[in-house]
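The structure appears right after this line, and notes come after that.
Just the heavy atoms: all of them, side chains too, but no hydrogens, waters or symmetry mates, feed the values below. Just so you know, residue 1 is the first one in the sequence shown, and it goes up from there. Whatever order the structure lists ligands and atoms in, that order sets their numbers, starting from 1.
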Amino acid sequence: MAEGRPLIDGFARKINYLRLSVTDRCDLRCTYCMPEQMRFLPKAEVLTLEELYELAQGFMARGIRRIRLTGGEPLVRRDMVDLVQALGRHVGGDLDEVTLTTNGTQLARFAHALADAGVRRINVSLDTLDREVFQQLSRRDVLPQVLAGLTAAKDAGLAVKINTVALKGINDAEIPALLRWAHGQGFDISLIETMPLGEVDDVRLDRFLPLTEIRRGLEDEFTLAPSEHRTGGPARYFDVHETGGRIGFISPLTDNFCAGCNRMRVTATGQLFPCLGGGEQVDLRAALRSEAPEREIESALDRAMLIKPERHHFRIDAAHDAPALARHMSMTGG
Ligand code: SAM
Ligand code: SF4
């Protein structure tokens, strides 16, 4: 595919990374992500597999080189592996990589198919190794299933990064053990600050934990040396001397990383959000379903470049406990 004009936003940032949500549905109900009675979109509103692929091609034509599939839970979408296979054929050509963020519940079934389709690394979200805490946090008793999924991913040769949302009073005390376990398994791990996206049943402020605090705690036990490692994402990495592994910190609230932003997000209904923390939006589904989809997608992407904001304005404190944005993380996929 011939590469068209690159996507450069109003702040001279080159956008070459797409996070594509393939469904808003999920088999878990993590308390920091969604309410227990979450209402999902009617399936008719969600893009078809063909539309998702066509859209991805529109992005590739403008220089997107990495695509991360996400959700909701991407592996609960039935035709998901077909999409991965279609995109996987571009790896080594238009794409550098196709990756996936998953909660791991379906990995035992799909890990080998993903690897065969060209996926090399995945992010698996796991906030605790305690079955009761897992159940309390995700409202489902499926920790053993997730651990079996991780074993399958390892067997399939997938590189795994564990993503852990740090939650005060829930998993903060467990973080050193999670780090040791992840590194013992040969997995990287990144910690994430909880972000004020969408109404949930919990009070987010009660659970918010600045990662600066976690890092200080870890430094009592481990030697952390700043690492040169970069994945093109917002994490800042440290090598952990005692385990020989790597830990990343994703701190949208305490350490703004927007200056290096290289990404955009598309929801399963084809809404493009140039910023995870902004309300700016471009309708790609309308472009896809127009008379001249190729041209309309191209001009929608140009519009997105004009409206991509310089930075997000997330805050969590006593005066800002309401969600900064009404949409949930499960819509844009993190
Ligand atoms: N279901 C998949 C999963 O859990 O990995 C993919 C989608 S999930 C929305 C992507 C990531 O966002 C997960 O690591 C999850 O822990 C994180 N997440 C969800 N809601 C969040 C919030 N309000 N603040 C910070 N991270 C959040
Ligand atoms: Fe589902 Fe992921 Fe949200 Fe948990 S964080 S409810 S697994 S979308």
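Scanning all protein heavy atoms for the shortest distance to atom 3 (Fe) of ligand 2 gives Cys33 SG, 2.4 Å. Atom 6 (S) of ligand 2 has Cys30 N, 3.2 Å as its closest protein atom, hydrogens excluded (heavy atom only).
Residues Glu298 and Arg5 are paired through a salt bridge, judged by an N-O separation under 4.0 Å between the basic side chain and the carboxylate. At a threshold of 4.0 Å, the pair Lys168-Glu213 does not count as salt-bridged, since none of the basic side-chain nitrogens sits closer than that to a carboxylate oxygen.
Looking at Asn123 against ligand 1, nothing comes within 4.0 Å, counting heavy atoms.
Considering both main-chain and side-chain atoms, Thr70 never comes within under 3.5 Å of ligand 1 through any nitrogen or oxygen pair. At least one N or O atom of Met195, backbone or side chain, sits closer than 3.5 Å to an N or O atom of ligand 1. Between Glu73 and ligand 1, at least one N/O pair is under 3.5 Å apart. For ligand 1, none of its N or O atoms has an N or O atom of Thr101 under 3.5 Å away.
Heavy-atom contacts of Gly71 reach the following atoms of ligand 1: 7 (C), 9 (C) (cutoff under 4.0 Å). Close contacts between ligand 1 and Val165 involve ligand atoms 16 (O), 26 (N) [criterion: under 4.0 Å to a heavy atom]. Against a heavy-atom cut-off of under 4.0 Å, Cys33 is close to the following atoms of ligand 1: 19 (C), 20 (N). Close contacts of ligand 1 with Thr194, meaning ligand atoms under 4.0 Å from a residue heavy atom, involve 24 (N), 25 (C). Near Gly72, meaning under 4.0 Å from any of its heavy atoms, are these atoms of ligand 1: 1 (N), 2 (C), 6 (C), 7 (C).
A cation-pi contact, defined as under 6.0 Å to the ring centre and within 45° of the axis, links Arg66 to Tyr17.
By the rule that hydrophobic residues join a cluster once side-chain heavy atoms approach within less than 4.5 Å of another member, Tyr237 and Leu224 end up as members of separate clusters. The hydrophobic clustering, which links ILVMFWY residues whose side-chain heavy atoms are closer than 4.5 Å, places Leu69 and Leu288 together.
A donor atom on one side chain and an acceptor atom on the other are found under 3.5 Å apart for Asn103 and Thr105.
Distance alone, capped at 3.5 Å, places no donor-acceptor pair between the Arg77 side chain and the Thr23 backbone.
You'll find the side chain of Met80 reaches within 4.5 Å of the side chain of Leu100, heavy atoms only. In this structure, Asp302 and Arg62 have side chains that are in contact, with non-hydrogen atoms separated by less than 4.5 Å.
Inclusion of Cys26 in the first shell of atom 1 (Fe) of ligand 2 is supported: an N, O or S atom falls under 2.8 Å.
Within the 4.0 Å heavy-atom shell around ligand 1 one does not find Met34.
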